[in-house]
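For reference, the structure discussed in these notes is given below.
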Amino acid sequence: MTAPMEPLYAPQGVEERWQRAWDEEGLFRARADAPGDPYVIAVPPPNVTGALHMGHALNGTIQDVLVRWHRMRGFNTLWQPGYDHAGIATQNVVEKELAKQGKTRHDLGREAFVERVWEWLEEYGKVIIGQFRSLGASLDYERERFTKDEGYSRAVLAFLVRLHQRGWLYRDSRIVNWCPRCATAISDLEVVHEHVVDNLTSIRYPLADGSGSVTIATVRVPTILADVAVAVNPDDPRYGALVGRTAIVPIANREVPIIADPRVEIEFGTGALKITPGHDPLDFEIGREHGLPELTVIGFDGLMSDEAGALAGRSQEDADREIVRQLEEQGLLAAREPYEHAVGLCERCGTRIEPLISLQWFCDMEDLARPAIEVVEQGRVRFHPAQQGEVYLHWMRNIRPWCVSRQLWWGHRIPVWYCDCGEAIVSVDRPASCGACGASELRQDEDVLDTWFSSALWPFATLGWPDDTADLRRFYPGHVNSTAREIIFLWVARMIMSGLELVGDVPFEDVIIHSTVLAPDGRRMSKSLGTGIDPLEVIAAHGADATRYGLCKISSTQDVRFSYGAIEEGRKLANKLWNVSRLILSYAGDAAPDLRPQALEERWIVSRLASAQRELETGLAAYDFAEVARLLYHLTFDDVCDWYAEAVKPRLREGDADALATSLGVLERLLTLLHPVMPHVTEEIWSNLPGRGGRLIVADWPTLDEGSVDECAEAVLARVQELATLYRRSGALPALDDLDPDAQRILRTVLRLDRPAKDGKERGPDAAALEKERARLDKEIARAEAMLANERFVSRAPAELVQAERDKLDRFRRERDALR
RNA sequence: GGGCGUAUAGCUCAGCGGGAGAGCACCCGCCUCACACGCGGGGGGUCGCUGGUUCAAAUCCAGCUACGCCCACCA
């Protein structure tokens with residue numbers, strides 16, 4: 001014992017001390033040559049610029065509970081930590097720093113800017129894994145990896161080369177989501193949608209032969225300058241005669257064909273759609289299929305471009321006003337009304353996305369997706385909860401090409417070299433010369449890869465892939481990936497695809513999609529809303545164990561409100577555990593722990609521990625951490641403290657050898673079961689156990705045999721508990737003659753029947769309480785009798801159910817009689 | 001527009017085919033030699049609404065309402 005155990009458990013100091021000790025003793029370390037079956041989880045690499053938030057805390061807790069449980073069961077556990085370089089996010093952070101000095105990245109130039117990012121990371125980045133420590137996360141901190149580490153970077157480039165070899169990679173000018181502020185393309189998954197109110201403007205396009213006009217509707221008036229066609233649905237009876245004729249785009253005065261395309265919605269607007277391949281994804285597709293020109297009037301800065309003529313350099317809002325004014329003058333404005341619709345925003349900076357045509361690298365995904373669909377269909381990869389697997393499958397079955405290039409400076413530079421002769425060489429290392437013309441003047445592609453392109457390799461690039469390392473052979477495939485719902489597609493799907501393609505096996509078997517933690521009022525936790533709760537502050541105030549318990553407790557549903565009540569419950573559990581340990585240790589001191597029970601309360605608690613363990617293991621295996629928390633709470637409070645400890649106390653005082661040994665055994669077992677959820681307080685108490693060497697973190701998890709549950713003892717105790725409640729409620733104690741002597745002793749002990757009453761305040765039978773109890777029993781008896789009188793129930797319900805009802809009726813009648 | 005989820009005690013949630021539960025809050029009684037951050041007892045609920053299936057529905061099915069999330073090329 002390091003210090004006398006105070007009645008109030010204070011996690012502060014204790015937790016930090018154990019975090020340091022476990023680490024220094026190397027208990028988190030995983031070695032390829034260590035014994036035991038491997039159990040592997042890779043922590044979702046947080047952004048290098050990030051700080052621990054509640055989602056990380058929940059996810060870290062879930063993973064740590066699993067990892068600690070498996071470690072105790074003798075698995076060779078590897079919980080791999082690390083960081084994601086987070087290309088666009090990190091670049092934005094450093095650009096903001098520069099902006100404070102009035103500079104842009106272009107003032108520094110590419111090399112100096114990237115150098116600046118590294119410096120920034122050195123000073124301010126990479127703090128979050130350290131914050132995981134305060135949660136008690138038993139990560140192998142020595143294995144910290146970064147997606148921009150040298151070895152990891154080579155893996156990323158090797159992935160791209162492989163895709164090229166497979167023929168899935170291609171470069172093309174296509175329409176992409178362009179963020180004018182970040183000045184880069186982003187993937188569909190990095191676009192967030194927000195509802196806004198714009199104007200829906202209906203514009204008359206005169207027919208070239210002067211025979212009338214066709215009216216289109218748009219929310220983006222300025223883009224009419226880049227219109228190249230008007231499309232109608234071929235099945236639209238209103239427009240059948242127009243197809244093949246020519247319309248004139250107002251302002252631009254351009255003659256464009258009227259074409260038919262089934263993707264035009266007959267119901268929407270006027271049923272006629274202006275086609276602008278340069279500024280709309282659907283129009284782009286229609287344009288390519290109909291061989292239409294691709295005009296542009298908006299530039300990469302989001303402003304009207306030179307092609308917009310007189311409006312060049314103006315904002316789209318200005319252009320909108322100006323064009324509407326002119327249309328009105330010309331009598332071509334048919335209608336203009338407010339219209340609510342969804343617009344795409346950049347996930348990182350909130351800027352409105354411009355669909356623009358640009359030259360990018362794309363990867364066709366169908367062949368990558370096919371095996372990744374199969375492994376989920378076949379159950380080789382399972383989602384928890386299972387419905388999330390359907391979400392995954394739906395997306396995978398409709399997968400679209402992935403735009404992997406980004407016009408950023410911070411990231412993995414695309415390993416493609418261009419020669420003036422037109423040759424493009426895809427290679428991990430810079431080629432010495434052009435294979436086609438022999439020239440040595442090669443230019444590397446300026447762009448970098450999507451940050452998710454590198455995260456996709458996390459489960460095996462961290463183990464040394466593409467090299468055939470001992471780690472890779474030992475620790476791949478892994479077992480569990482626990483993550484947030486919003487990155488199923490961005491990350492989980494791509495890991496499964498890359499693992500199957502590059503290593504030939506799934507990266508993990510179970511995908512846990514954990515809850516989204518909402519603020520206590522049900523709103524999203526966010527800094528800007530002021531609804532965020534910092535887990536570090538919660539840990540500092542209530543302790544890591546309490547926080548872990550609380551997070552487990554609330555982790556059951558898809559969305560869950562953060563609750564201080566759940567944390568508080570965890571704190572009370574830690575305190576309760578601490579105090580019952582003080583009780584047992586103060587008596588049992590140097591006894592040798594034993595779990596071969598003699599007396600009834602011992603047989604009972606040993607049985608309870610076993611059945612609770614069984615339920616606990618079921619809960620853990622099903623990733624039902626809320627159930628795990630519930631079980632541990634009731635096991636500790638109700639079973640161990642309120643009943644076992646109360647019952648055994650007099651025997652402990654008397655120095656009964658069996659009681660001393662068993663109570664220590666019970667305590668040890670309880671600490672073992674609690675350790676995965678509450679590692680610090682349990683380790684602290686464990687270290688106070690006399691003559692107990694070693695650490696709880698690596699202690700043996702008990703194995704259960706067939707006879708570990710004593711149903712008889714549990715039944716007798718249940719009867720004792722009922723009688724005690726009846727007495728406490730009514731002051732009346734039924735005859736005990738039919739009770740086991742041990743049971744009578746326990747009842748007398750917990751009810752303190754052998755103690756003299758104070759101040760003559762002897763509590764006699766309470767007539768009202770007794771009457772109430774009688775009424776309750778009468779009701780139960782009537783209900784059971786009615787059921788058994790129901791012939792359909794007796795004949796159709798399962799026999800054991802009918803028997804159970806008979807047993808209940810007997811018991812109720814017995815108790816009713818006892819109350820007379 | 002498609003998909004998913006949630007509606008049970010004042011609050012946060014469990015239960016998911018046979019006696020309405022937990023924690024917190026509330027009321028009453030206890031400083032009982034582990035813990036007053038504790039112990040014991042108690043009050044409080046047409047289990048969102050409407051139908052259906054069943055001997056039996058909080059629990060299964062259908063529809064409705066409200067809220068939340070994800071996906072989506074209706075301009």
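The structure presented is a predicted model; accordingly, all values stated were derived computationally and were not measured.
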- Task: Tell me what Glu265(A) touches on the nucleic acid: a base, only sugar-phosphate, or nothing, going by heavy atoms under 4.0 Å.
- Result: base
- Atom CZ of Arg729(A) and atom P of G41(B) are separated, to the nearest Å, by 8 Å
- Note on the structure: Taking A22(B), C13(B), G38(B) as options, the one with an atom nearest any side-chain atom of Arg561(A) is C13(B)
- Item | Donor + acceptor pair across side chains of Gln803(A), Asp807(A) (<3.5 Å) | yes
- What nucleotide among A75(B), G42(B), C4(B) has an atom nearest to a side-chain atom of Tyr339(A)? A75(B)
- Message: When you measure from the side-chain N and O atoms of Arg485(A) to the phosphate of C4(B), is any distance below 4.0 Å, counting only OP1 and OP2?
- Response: no
- Gap in Å between the two P atoms, one belonging to G10(B) and one to U53(B), rounded: 33 Å
- Distance between P atoms of U6(B) and G21(B) (Å, rounded): 23 Å
- Message: Does a side-chain N or O of Tyr587(A) approach OP1 or OP2 of A34(B) to a distance below 4.0 Å, or not?
- Response: yes
- At under 4.0 Å between heavy atoms, what does Lys649(A) touch on the DNA or RNA strands: base, sugar-phosphate, or nothing? base
- Query: Hey, is the side chain of Gln387(A) poking within less than 4.0 Å of OP1 or OP2 on G3(B), counting only N and O atoms?
  - Reply: no
- In plain terms, say whether Glu646(A) and Arg752(A) are close enough for a salt bridge, that is, a side-chain N and a carboxylate O under 4.0 Å apart. yes
- Message: Using atom C1' in both nucleotides, what's the gap between A9(B) and G42(B) to the nearest angstrom?
- Response: 14 Å
- Does Lys576(A) make a side-chain donor-acceptor contact with the base of C35(B), cut-off 3.5 Å? yes
- With a 4.0 Å cut-off on heavy atoms, is Arg811(A) in touch with a base, just the backbone sugar-phosphate, or nothing at all? base
- Contact under 4.0 Å: Arg630(A) side-chain N or O vs A22(B) OP1/OP2: no
- Query: So, Glu601(A) and Lys649(A), do they make that salt bridge, N to O below 4.0 Å?
  - Reply: no
- Item | Pairwise P distance for G40(B) and A34(B), with rounding to whole Å | 15 Å
- Message: Which nucleotide wins on minimum distance to the side chain of Leu583(A), given the candidates G40(B), A34(B), A72(B)?
- Response: A34(B)
- Salt bridge Glu805(A)-Arg783(A), side-chain N to carboxylate O under 4.0 Å: yes
- Task: Look at the side chain of Ser563(A) and decide which nucleotide, out of C13(B), C71(B), U12(B), has an atom nearest to it.
- Result: U12(B)
- Item | A72(B) versus C67(B) - spacing of their P atoms, nearest Å | 24 Å
- Rounded distance in Å between the C1' positions of A57(B) and U50(B): 15 Å
- Task: For G44(B) versus C26(B), give the span between their C1' atoms, rounded off to a whole number of Å.
- Result: 9 Å
- Message: With hydrogens left out and only the distance checked, is there a donor-acceptor pair under 3.5 Å joining Glu646(A)'s side chain and the base of A34(B)?
- Response: yes
- Query: Roughly how far apart, to the nearest Å, are A36(B) and G29(B) at atom C1'?
  - Reply: 14 Å
- Query: Does any donor atom in the side chain of Glu615(A) or Thr618(A) lie under 3.5 Å from an acceptor atom in the other side chain?
  - Reply: no
- Could you check which of C39(B), C73(B), C70(B) has an atom nearest any side-chain atom of Phe489(A)? C70(B)
